[in-house]
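Naming: A, B, ... by sequence-line order, numbering from 1 per chain.
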There are 2 protein chains.
Amino acid sequence: MSPTRLPFSEQLAEASRFILKGDYFLVVSHVNPDGDAISSTLAVGEMLAQLGKHYILINDNSIPDKFVFLMGNRQIADYSTKPQLQFERIITVDCADFQRVGSMKELFTAGIPLLNIDHHPTNDYFGFAQLIQPEAAATVEILYGLIQELGTSWNQELASFIYTGLLTDTGGFRYANTTSHVMRIAAEMLDHGAMGNEIADRLLERLTMPQVLLLQKALISLSFALHGQVSWLSVSHEDIGELHVSNEDMDGLVNYPRNISGVEVGMLFKETAPNQFKVSMRSAGKVNVAEIAHFFGGGGHIRASGCTVEGSFLDEVVSKVLKEVGRALL
Amino acid sequence: MSPTRLPFSEQLAEASRFILKGDYFLVVSHVNPDGDAISSTLAVGEMLAQLGKHYILINDNSIPDKFVFLMGNRQIADYSTKPQLQFERIITVDCADFQRVGSMKELFTAGIPLLNIDHHPTNDYFGFAQLIQPEAAATVEILYGLIQELGTSWNQELASFIYTGLLTDTGGFRYANTTSHVMRIAAEMLDHGAMGNEIADRLLERLTMPQVLLLQKALISLSFALHGQVSWLSVSHEDIGELHVSNEDMDGLVNYPRNISGVEVGMLFKETAPNQFKVSMRSAGKVNVAEIAHFFGGGGHIRASGCTVEGSFLDEVVSKVLKEVGRALL
């Protein structure tokens, strides 16, 4: 089952042939697109435009407002609006498997030539051609190589797309995947005019009103157990409705308990529907939170995982989860 | 009054002669030292150690706990403990004028040879020799040049010091001073073994217990005026005492109101003593908050300033300040 992986230089040559040979492209990324997904989609669009190709950029969801400043006069169509589509080749970006494209997977007929560009170590090598580099911090890091291979020119917008994906997938150049290669590409993008400060300000610093009101409410719920090694916040179904909070608004919340000195496991309990709690878990390193999530039918990574736990009230769900966390901390 | 500024290469040559000629050095930085001050002090210490010089690293204040992981077995003495000092030359880092060293200024006798290494545009060129580059994002960016001039070798610790100053003085590579030069040096420091992820995690992500409890309390005070263009938080004298909050713990608080979408001026009112409020102001760009601070006898920059306002209760102080902010927003 283990896919044969071509050396990266050969993958690059193949990807570049795939692009040069086609005329009508569909460029898609994953559902609930994040910074790397959106900027990879836009960067591929810019490459295709420079090569004189026809293309449609599309996503199963609409693009969150905070990314709109990046797009200039580009469009990423929303698939749910059933736009007219004409294409003969597909390029997927930042998708580990083809299910990640959401309902657009119905377009992926067996015969359609598809190029799969991704950095997830779990990529299952779907498609006709692959450009996959699990060592890359972001899909845009791979696109940087492809842009050089194709000889596409740099401009402020393309540089800003690449910068955005690097910035967001490294948590603002903070995670362990922030390699010197990432930092050197970021430097080069600044030289090409990437608006580094504005991108960071808009995507990492700015808070929406629902976000700050949610933080205010959620922090009141801050709780600790097991001698301060576990901390959590909770958000009720009522609060989510009242504050008109999107999933995106809740994104960073779990970092508050996780970042407190001495905390080994930080958690967020979101009551997404009455009696149903989505639990996000973050580990400082000691505990494998993927195992705990797995116990409850969820999944994730050693340091970041999630699951859904049923229970008629919050305390019941918290104590179910705490029992497993306590076991892991022994 | 405007000081003559030597070309940077000549400044580097002079600084390096200053160091090579001496034997006993005192290395000092400013009161309430931040990441750049501490890591510049440590980096100069490492350079002097490699050159076989005797040196004492010292500060008017003790080093905040969160920086201790950086220091290895190095010491930065606390001047208030009146340590035994033997030195013939002084190197100041990150000090715009000699008052910034605090009570250590009593050591700055007229005859003592002093090298002033700094990146503040307001530096008054005090001392015997200067190494000043106002374009540098951080003093460590200047030290990077000096290390190359002196031919000192890189090791993991020295690389981590330089990385720390770059990271903290650019707000985690987010401010407008994050140039491609900064990013390239950061890349090189990672190649030399700088623990980028750990440094970012400890200095930018981690929250102390007083910090998170303070944030919880302060967010409850979140207020808005002038159609959402102004937002502020307040912290009472009682809270500061009860939660054992340090000045450092309050550092990032003003960013919450400042980062809310649509807010032009974000403020923090800290009741530092009964009836005395320290006001921090941040501007999104429209308003020059230095002018407002100046009106109340304070100072700062266009986008970040502070002042102290007296008043028998918070509302009185808030309305005094709001009046001036409203005028500036007209």
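Residues of residues 153-178 of chain A lying within less than 4.5 angstrom of chain B, judged on heavy atoms, are Tyr163(A), Gly171(A), Gly172(A), Phe173(A), Arg174(A), Tyr175(A), Ala176(A), Thr178(A) in numerical order. By a heavy-atom distance cut of under 4.5 Å, Leu219(B), Ile220(B), Leu222(B), Phe224(B) are the residues of residues 218-231 of chain B near chain A, going up by number.
When each of Ile260(B), Leu207(B), Val182(B), Leu190(B) is checked for heavy-atom pairs under 4.5 Å with chain A, Leu207(B) comes out on top. When each of Arg258(A), Met195(A), Lys217(A), Lys66(A) is checked for heavy-atom pairs under 4.5 Å with chain B, Arg258(A) comes out on top. Note on Leu204(B), Thr179(B), Asp201(B), Asn255(B): by heavy-atom pairs under 4.5 Å with chain A, the leading option is Leu204(B).
Closest heavy-atom contact between Ser180(A) and Ala187(B): CB-O, 3.2 Å.
Both the backbone and the side chain of Leu215(A) come within less than 4.5 Å of a heavy atom of chain B. Using a 4.5 Å cut-off between heavy atoms, Glu188(B) touches chain A through backbone and side chain atoms alike.
Within a 6.0 Å sphere centred on CD of Glu238(A), other residues, nucleotides and ligands contribute 12 heavy atoms or fewer. Atom CG of Asn247(B) has 12 or fewer neighbouring heavy atoms from other residues, nucleotides or ligands inside a 6.0 Å radius. Counted within 6.0 Å of CG on Asp251(B), heavy atoms from surrounding residues, nucleotides or ligands total more than 12; the atom is thus considered enclosed.
Arg184(B) has its side chain within reach of Asp191(A): a pair of non-hydrogen atoms, C-beta onward, lies under 4.5 Å apart.
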